[in-house]
Every structure is written in structure tokens, then in C-alpha cells.
Amino acid sequence: MRKEVKELREENQCLREASVLLLKENEELRRRLNQRSHNSSKPPSSDPIWERAQRPVKSKSKNRKRGGQLGHKGSNLKKFTQIDFLKEHSYDTCPYCQSNKLLLKDVKTRQVLDIPNPKIDVTEHRFYEYQCLSCCATILNDKIQDYKQSVQYGPNIKSFVNYLSVYQLLPYKRLVEMIKDLFGHKISQGSISNFNSELSIKLEGFIVELKNYFIQPDK
């Protein structure tokens with residue numbers, strides 16, 4: 001009986017300790033559950049949707065103007081010293097009285113920044129084949145560049161596709177649609193895969209050197 005009573009007391013003590021831990025854990029969970037944006041560092045977007053719907057809407061001042069307010073330091077585009085195109089807007093005659101007696105007083109400039117219309121440029125390389133009349137050798141200067149196919153893609157479009165595919169993580173299907181929409185040319189998903197494989201091969205040496213640089217003991 002004494003042994004059984006001792007075991008029951010020890011078991012009771014363990015249950016009390018476990019109960020205390022559960023109460024503390026329950027209190028901590030309730031505290032976290034009751035956290036809102038107004039009583040913690042949580043953002044307002046983490047509040048329950050039913051509480052967000054009941055928030056009072058702050059009315060904007062009717063006297064407040066749109067745009068930058070008084071005292072706000074704005075930033076404007078700076079004019080470029082080098083321009084690509086020039087369009088002149090002048091008058092030969094007065095638009096009001098049709099007189100041609102006009103005196104130029106000033107020239108005001110407005111610069112418009114824009115991107116050119118995307119299009120694919122096709123460059124044809126012609127390699128002339130000769131035959132030497134002295135030694136009868138055939139001369140064809142077609143090895144100075146990596147032009148093996150009758151029609152192939154150039155380095156610019158390959159780099160553009162690599163950037164969108166590898167860095168921007170654009171899926172192949174959407175990348176095909178993008179090239180078609182922008183340039184009016186349908187590129188195959190197989191070509192995109194080949195471009196990425198070519199890039200991977202070209203970067204093998206660089207990746208090896210980069211790994212060796214970081215594993216050196218003095219780095």
C-alpha cells in the first residue's frame with residue numbers, strides 16, 4: 001500500500017507539472033491569437049478579414065490637392081545632352097493672320113523618352129568562294145565566324161532569351177508568346193532550351209574558377 005501510495009503521489013506531481021506547462025502554453029497561444037496590428041508589430045493586412053471590414057474609413061481632406069503637397073521635394077527627369085532624333089516644329093506663316101513676317105525670339109525644347117519599336121533585324125553574310133588559278137586551291141572565307149547554318153539566331157536575341165528564361169524565370173511557353181507579340185517571330189521552345197544549354201557550357205569555366213575562389217583557405 002505504501003509503495004502504491006508513493007507511486008500515485010509521484011504520478012500526481014508529474015500531472016501537476018504538466019498541467020502548469022499546458023496552462024503557460026495556453027496563455028502564450030491566446031496572447032498570440034489576440035495580437036492585432038494595433039497592439040503588436042504585425043501589419044494591418046494580417047488582421048482577420050472581419051475586423052478589417054469594420055475599420056473606420058479615414059476621410060480625405062477636401063482641401064487637399066492632388067499630387068505632391070506643399071514642402072514635398074519632387075524629382076523631375078533631367079534633360080539629356082545627347083539626343084538620338086530631332087523633330088523641329090516651326091511656322092512659316094502666322095496661323096492667325098497668315099503673314100510671313102515672323103521674327104524668331106526663342107527656341108524651347110521638350111524631350112520625350114521612349115523605346116524603339118521592337119523588330120528583328122536580318123543580316124545576310126555573303127562568303128565568296130574563289131579558285132586560285134596558280135595552285136587550283138579553293139578559297140572560301142567562311143570560318144572567321146560561327147555561321148554554320150543557312151539561317152540561325154544571333155547573340156543578341158540569344159542573350160535576351162537567356163535573361164528572360166534564366167534570370168526572370170519566364171516559362172518557355174510564355175516566352176514564346178512574348179517573342180511572338182513583341183517581334184512578330186515565332187521561336188520554338190527547343191531553341192530556347194538550346195540557348196540555355198549553350199550558355200551553361202560557356203559558363204562552365206567561370207563557375208569552376210568561382211568555386212575555387214571561395215574554397216581557398218585565405219578567402
Side-chain angles (χ1 to χ4, degrees), residues 43-46 49 52-53 66-68 72 74-92 107-133 135-216 219:
S45 58
S46 64
I49 188 171
R52 282 182 278 169
R66 293 184 178 182
H72 171 72
S75 58
N76 296 325
L77 292 173
K78 304 298 182 182
K79 283 194 173 183
F80 287 74
T81 57
Q82 182 177 354
I83 60 175
D84 300 299
F85 305 100
L86 175 62
K87 289 187 177 181
E88 296 182 331
H89 306 272
S90 60
Y91 282 107
D92 295 327
V107 177
K108 300 183 182 298
T109 61
R110 303 289 186 271
Q111 293 184 350
V112 179
L113 309 184
D114 206 345
I115 58 176
N117 293 325
K119 69 182 187 68
I120 287 191
D121 293 329
V122 180
T123 302
E124 181 175 280
H125 296 263
R126 297 181 179 179
F127 302 95
Y128 295 91
E129 183 178 349
Y130 304 90
Q131 183 176 13
C132 180
L133 298 179
C135 64
C136 296
T138 300
I139 304 172
L140 178 61
N141 190 13
D142 64 342
K143 299 180 181 179
I144 57 175
Q145 297 287 349
D146 188 21
Y147 301 137
K148 299 179 181 179
Q149 306 295 332
S150 59
V151 180
Q152 64 186 67
Y153 291 107
N156 290 340
I157 189 172
K158 288 183 178 180
S159 301
F160 182 65
V161 170
N162 288 145
Y163 169 75
L164 294 176
S165 175
V166 179
Y167 184 75
Q168 296 295 346
L169 303 178
L170 200 64
Y172 281 15
K173 184 177 180 180
R174 291 183 58 189
L175 185 50
V176 170
E177 295 176 356
M178 179 178 178
I179 298 297
K180 175 66 175 178
D181 294 339
L182 287 179
F183 303 100
H185 175 77
K186 185 176 182 180
I187 188 172
S188 66
Q189 298 186 27
S191 296
I192 299 175
S193 178
N194 293 335
F195 295 167
N196 292 340
S197 299
E198 292 178 12
L199 177 64
S200 177
I201 295 174
K202 292 179 180 179
L203 291 176
E204 286 180 353
F206 170 76
I207 294 176
V208 171
E209 293 183 4
L210 189 64
K211 288 181 178 179
N212 294 334
Y213 175 83
F214 282 106
I215 63 177
Q216 291 180 9
K219 297 298 181 184

Q | Step-by-step side-chain contact (heavy atoms from CB on, under 4.5 Å) determination, Glu129 to Ile139 | A | CA-CA 6 Å; Glu129 183 178 349; Ile139 304 172; over 6 Å; no

Q. Once you round to the nearest 0.5 Å, how far does CG of Leu169 lie from CZ of Arg174?
A. 11.0 Å

Q: Please state whether the rings of Tyr130 and Tyr128 are parallel, tilted or perpendicular, taking 30° and 60° as the class boundaries.
A: tilted

**Q.** Approximate separation, where rounding is to 0.5 Å, of Ile207 CD1 and Asn212 CG
**A.** 12.0 Å

(Q) Run the side-chain contact (heavy atoms from CB on, under 4.5 Å) test on Phe183 and Asn117 for me, step by step, so that the C-alpha distance in whole Å, both residues' side-chain angles and the decisive distance to 0.1 Å come before the verdict. (A) CA-CA 9 Å; Phe183 303 100; Asn117 293 325; over 6 Å; no

Q | Carboxylate-amine/guanidinium proximity below 4.0 Å for Lys211 and Glu209 | A | no

Q: Can you see which heavy atom on Ile179 is nearest to which on Phe160, and at what distance?
A: CD1-CE2, 3.9 Å

(Q) With heavy-atom distances below 4.5 Å as the criterion, would you say the side chains of Phe127 and Leu140 are in contact? (A) yes

Q | For the student: nearest non-hydrogen atoms of Tyr153 and Lys186, plus distance | A | OH-O, 4.3 Å

Q) Could you walk me through whether Lys180 and His185 pass the side-chain contact (heavy atoms from CB on, under 4.5 Å) check? A) CA-CA 5 Å; Lys180 175 66 175 178; His185 175 77; over 6 Å; no

Q.
To check you understand the geometry: which heavy-atom pair defines the closest contact between Gln111 and Lys79, and what is its length?
A. OE1-CA, 3.4 Å

Q: Quick one: pull up CG in Leu175 and CD1 in Ile192 and give me the separation to the nearest 0.5 Å.
A: 4.0 Å

Q) Taking Lys119 for the side chain and Leu182 for the main chain, is one N or O donor matched with an acceptor at less than 3.5 Å? A) no

Q) So do the side chains of Phe85 and Asp114 get within less than 4.5 Å of each other, counting heavy atoms only? A) no

Q: Measure the OG-CD distance between Ser165 and Gln189 for me, rounded to the nearest 0.5 Å.
A: 10.5 Å

Q) Once you round to the nearest 0.5 Å, how far does CG of Asn196 lie from CG of Asn162? A) 5.0 Å

Q. Side-chain contact, heavy-atom cut-off 4.5 Å: Arg110 with Val112?
A. no

Q: Could you verify whether a donor N or O on one side chain and an acceptor N or O on the other, from Ser197 and Ser200, lie under 3.5 Å apart?
A: no

Q) OG/Ser191 to CD/Gln152 distance, rounded to the nearest 0.5 angstrom? A) 11.5 Å

